[in-house]
Amino acid sequence: MASKVFVITSGKGGVGKTTTTAHLGAALALSGKKVAVIDADIGLRNLDIVLGLENRIVYDLVNVIEGACKLSQALVRDKRVEGLSLLPASQSRTKEAVQPEQMKALCDELREQFDYVLVDSPAGIEGGFRSALAGADSAIVVTTPHVAAVRDADRIIGLVEAAEKGSPQLIINRMDMNLIKKGEMLDQEDVVEILAIRLLGIIPEDSAIVSASNKGEPVVMNGKSLSGEAYRRIARRLEGEDVPFIELSSDSGFFNRLKSMISSN
Amino acid sequence: MAWFFNSKKTSKESAKKRLQLVLMHDRASINPQLLDKLKEELLQVIEKYVEIDTSGMEISLDGDKRTVALVANIPIKGTR
């Protein structure tokens, strides 16, 4: 059976777990799937603000687990992206409020109602990560091409494999083609060779991501952005389609972007 | 391709080399101190049976994909 509950994790903080969860979730929903994104970073709620749903939260994950509300009451439906729902993290509690077996039960309940469930894991390798991992079928590891992030990604891959969740898939975020061309940044072949897991996608360094978060709008709704296209392709790969990786261009000019998008279609 | 003609090493090459080495140790949970100790004791055992060339020996961690191996290359001078 194909995986449908994925934990999005990285070990190191700040590499783009939340961004990936938000935009990949939106990309899957735009392709017609029913998707739930869960913010498992209890105490540090932020998936809601990236998605622009921060003003619509009534209940949260901890309320559901403690039985204070029904799951359906806590899920926030995105009105712009049909099929996308958010289960927000609790802001006033800590990671200890959720135990792995509770998370597993929650994921199993969501599994019944959705095509995909993406769990945004907190950084670190402690309890919060363990809980986020508990209900998942498999993991998507996010890294950037920086030494600290790659080292932590390797550690996380080891922990995911030890938890018998299979070999994770890799997303390399914030690839800067200008630096790669100069030999001042690890490229995708380097990172894949080092980590030795399947590459699921590459995301270019893109100012559209910053604007999207500022506005609280999934970048995949922006048809012109290269990062949006990158997330849409990852969504297609999860669906089993064989899609080429985006062509990173060192010049982010309009014609280059257009060229890379046309050549890929 | 600019770096191809440049004899100076690019920072990406150092990044890759350093990562590959540190991950070998991370994955095996063997730090350099432990490896030194292991090397020392291993030598003591081997020297009981054969005469070895300590200057030409090499003991390190090596790996392929996600597996790590302890690789020892110990030249033998003769049997005791």
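Chain identifiers are assigned alphabetically (A, B, ...) following the order of the sequence lines, protein sequences preceding nucleic acid strands; residue numbering begins at 1 within each chain. Note: hydrogens, waters and symmetry copies are ignored here, and every other heavy atom, side chains too, is used.
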K.L.:
Can you see which heavy atom on A:G183 is nearest to which on B:T10, and at what distance?
P.N.:
O-CB, 3.0 Å
K.L.:
Write out, in numerical order, the residues from residues 204-212 of chain A with a heavy atom short of 4.5 Å from a heavy atom in chain B.
P.N.:
none
K.L.:
In terms of heavy-atom proximity below 4.5 Å to chain B, should A:I197 be classed as side chain, backbone, both, or neither?
P.N.:
side chain
K.L.:
Tell me whether B:R18 at atom CZ has more than 12 heavy atoms from other residues, nucleotides or ligands lying less than 6.0 Å away.
P.N.:
no
K.L.:
Counting neighbours of CZ on A:R237 that are heavy atoms of other residues, nucleotides or ligands and sit closer than 6.0 Å, is the number greater than 12?
P.N.:
yes
K.L.:
Would you give me the side-chain donor-acceptor pairs under 3.5 Å for residues 35-48 of chain B, sequence neighbours excluded?
P.N.:
none

K.L.:
Quick check: do B:R66 and A:D154 have side-chain heavy atoms less than 4.5 Å from each other?
P.N.:
yes
K.L.:
Are B:K12 and A:D187 close enough that some pair of their side-chain heavy atoms sits under 4.5 Å apart?
P.N.:
yes
K.L.:
Would you name the heavy atoms of A:V147 and B:L19 that are closest together and state the gap between them?
P.N.:
O-CD2, 3.5 Å
K.L.:
Check whether more than 12 heavy atoms from other residues, nucleotides or ligands sit under 6.0 Å from atom CD of B:E58, and answer yes or no.
P.N.:
no
K.L.:
Rounded to the nearest 0.5 Å, how far apart are CG of A:L186 and NZ of B:K16?
P.N.:
8.0 Å
K.L.:
Return yes when atom NZ of A:K104 has more than 12 non-hydrogen atoms of other residues, nucleotides or ligands closer than 6.0 Å, and no otherwise.
P.N.:
no
K.L.:
Using heavy atoms and a sub-4.5 Å threshold, report which of residues 118-131 of chain A line up against chain B, by residue number.
P.N.:
none
K.L.:
Applying side-chain hydrogen bond (donor to acceptor under 3.5 Å, both in side chains), name anything that partners A:Q99, two or more places apart in sequence or on another chain.
P.N.:
none
